[in-house]
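Single-structure report; data block below.
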Amino acid sequence: MRRILLTIQYNGAGYRGWQRQKNGVSIQAVIEDALNKIVGHKTVIHGSGRTDTGVHAYGQTAHFDTESKLPLYKIIGGVNAFLPSDIRILNAEDVDGDFHARYSTRSKTYVYKMYVSEVDDVFLCSYVHRLRGQLDVESMKAAAKHLVGRHHFDSFMTAGSGVQTTDRTISKLEIKENGGIPKQITITITADGFLYNMVRIITAVLIKVGQGKLTPDDVLRILKARDRSLAPWVAPACGLYLESVEYGN
């Protein structure tokens, strides 16, 4: 029996998220259906984590077990031939039997994309969150510093995730703007794990700072309070991308 790790890219706009659903088409289900045709038996792929409806991925990872002896390049090419154009297998590699795409994860990186404009950009609006007015990016950067490190992120988690602990370590929280027209702003967050909607809530809070509705010190207060009611906002799914999943050796 082989265990194979896939690296997957997808446009999540047309799907009900990663996980197989009873109602609606999921990315997992589409990949499994294509994979079954190539390896010749029913498969279950185990992702590094779930992405919600409308969320995209540059580098989602998932593993599956198979008795197929097909070369990796044939698995990649064969599965891609049966996949729709908005999902692609980028890479496949054999891994040890005790490897798990979710539980062997060391860290993940998410990117949230937004642009500032009074009018929709027809090339951006489906994949980048539009904001009106101006954003004070320097204040957003000052606020972001409060979130780096190991903290309890109860204030930045949607209820219902069922986690045992809310402490996570953010090793990187970077905000960049391109200064073009329209101005685009990207938030990149790397952590050893994420709570349900954590990135989208952090993004929404940082946007409030950029709009002058919160101060950087307010973000520290919200973090320490461990109270979700103080940060009730969630940024839209369209701007969120799972950029990469990192593993140990």
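Note that the structure is predicted; figures quoted are calculated from it, not measured.
Distance check, rounded to the nearest 0.5 Å: OG of S107 to CZ of R168 gives 13.5 Å. For the atom pair CZ of R2 and CG of D96, the computed distance is 13.5 Å after rounding to the nearest 0.5 Å. Separation of atoms CG (L83) and NZ (K37) is listed at 9.5 Å; rounding is to 0.5 Å. Taking CG from D227 and CG from D154, the interatomic distance works out to 9.0 Å, rounded to the nearest 0.5 Å. Between L35 atom CG and F82 atom CZ the span is 11.5 Å, to the nearest 0.5 Å. The distance from the CG atom of L70 to the CG atom of L72 is 9.5 Å, given to the nearest 0.5 Å.
A salt bridge links D120 and R130; the closest N-O separation between the charged side-chain nitrogens and carboxylate oxygens is under 4.0 Å. Checked for salt-bridge contact, R106 and D192 miss the test: no charged N lies under 4.0 Å from a carboxylate O. A salt bridge between K108 and E243 is absent, with no side-chain N of the basic residue lying under 4.0 Å from a carboxylate O of the acidic one.
Contact record, A142 with H146: O-CD2, 3.9 Å, taken as the closest heavy-atom pair. Residues G47 and A101 approach most closely at C-CB, 4.1 Å, considering heavy atoms. When all heavy atoms of Y110 and L240 are compared, the closest pair comes out as CD2-CD1, 3.7 Å. Across T166 and H152, no two heavy atoms sit closer than the pair OG1-ND1, 3.2 Å. Residues S104 and D98 come closest through the heavy atom pair OG-O, 4.3 Å. Annotation for A237 and T53: closest pair CB-O, 3.3 Å, computed over non-hydrogen atoms.
In Q134, the CD atom is not crowded: 12 or fewer heavy atoms of neighbouring residues, nucleotides or ligands sit closer than 6.0 Å. For CZ of R150, the number of neighbouring non-hydrogen atoms (other residues, nucleotides, ligands) closer than 6.0 Å is greater than 12.
The aromatic ring centres of Y127 and H56 sit less than 6.0 Å apart.
At least one donor-acceptor pair under 3.5 Å links the side chain of Q28 to the backbone N or O of I45. No donor-acceptor pair under 3.5 Å is formed between the side chain of Q19 and the backbone N or O of G17. Counting only distance, with no hydrogens or angles, the side chain of R200 and the backbone of A235 share a donor-acceptor pair below 3.5 Å. At least one donor-acceptor pair closer than 3.5 Å links the side chain of R3 to the backbone N or O of F99. Panel note: side chain D218, backbone L214; no donor-acceptor pair is recorded below 3.5 Å.
Counting only residues at least two apart or on different chains, the side-chain hydrogen bond (donor to acceptor under 3.5 Å, both in side chains) pairs with a member in residues 74-91 are Y15-D86.
Ring-plane geometry between F153 and F156 is classed as perpendicular, the angle between the planes exceeding 60 degrees on a 0 to 90 degree scale with a lower cut at 30. The aromatic rings of Y58 and Y241 sit parallel, their planes meeting at an angle under 30°, below the 60° perpendicular limit. Ring geometry for H129 against Y112 counts as perpendicular: the plane angle is over 60°, on a 0 to 90° scale with 30° as the lower cut.
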Quiz: residues 180-190 side-chain donor-acceptor pairs under 3.5 angstrom, not counting sequence neighbours:
unit_1: K183; atom_1: NZ; unit_2: E177; atom_2: OE1; d: 3.4
unit_1: T190; atom_1: OG1; unit_2: T109; atom_2: OG1; d: 2.7

Under 3.5 Å donor-acceptor pairs involving side-chain atoms of residues 202-212, not counting sequence neighbours:
unit_1: T203; atom_1: OG1; unit_2: V199; atom_2: O; d: 2.8

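Side chains of F64 and H46 form no contact here, defined as non-hydrogen atoms less than 4.5 Å apart.
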(request) Could you check Q60 against T7 for side-chain hydrogen bond (donor to acceptor under 3.5 Å, both in side chains), going step by step and ending with a plain yes or no? (result) CA-CA 6 Å; Q60 170 71 286; T7 302; over 6 Å; no
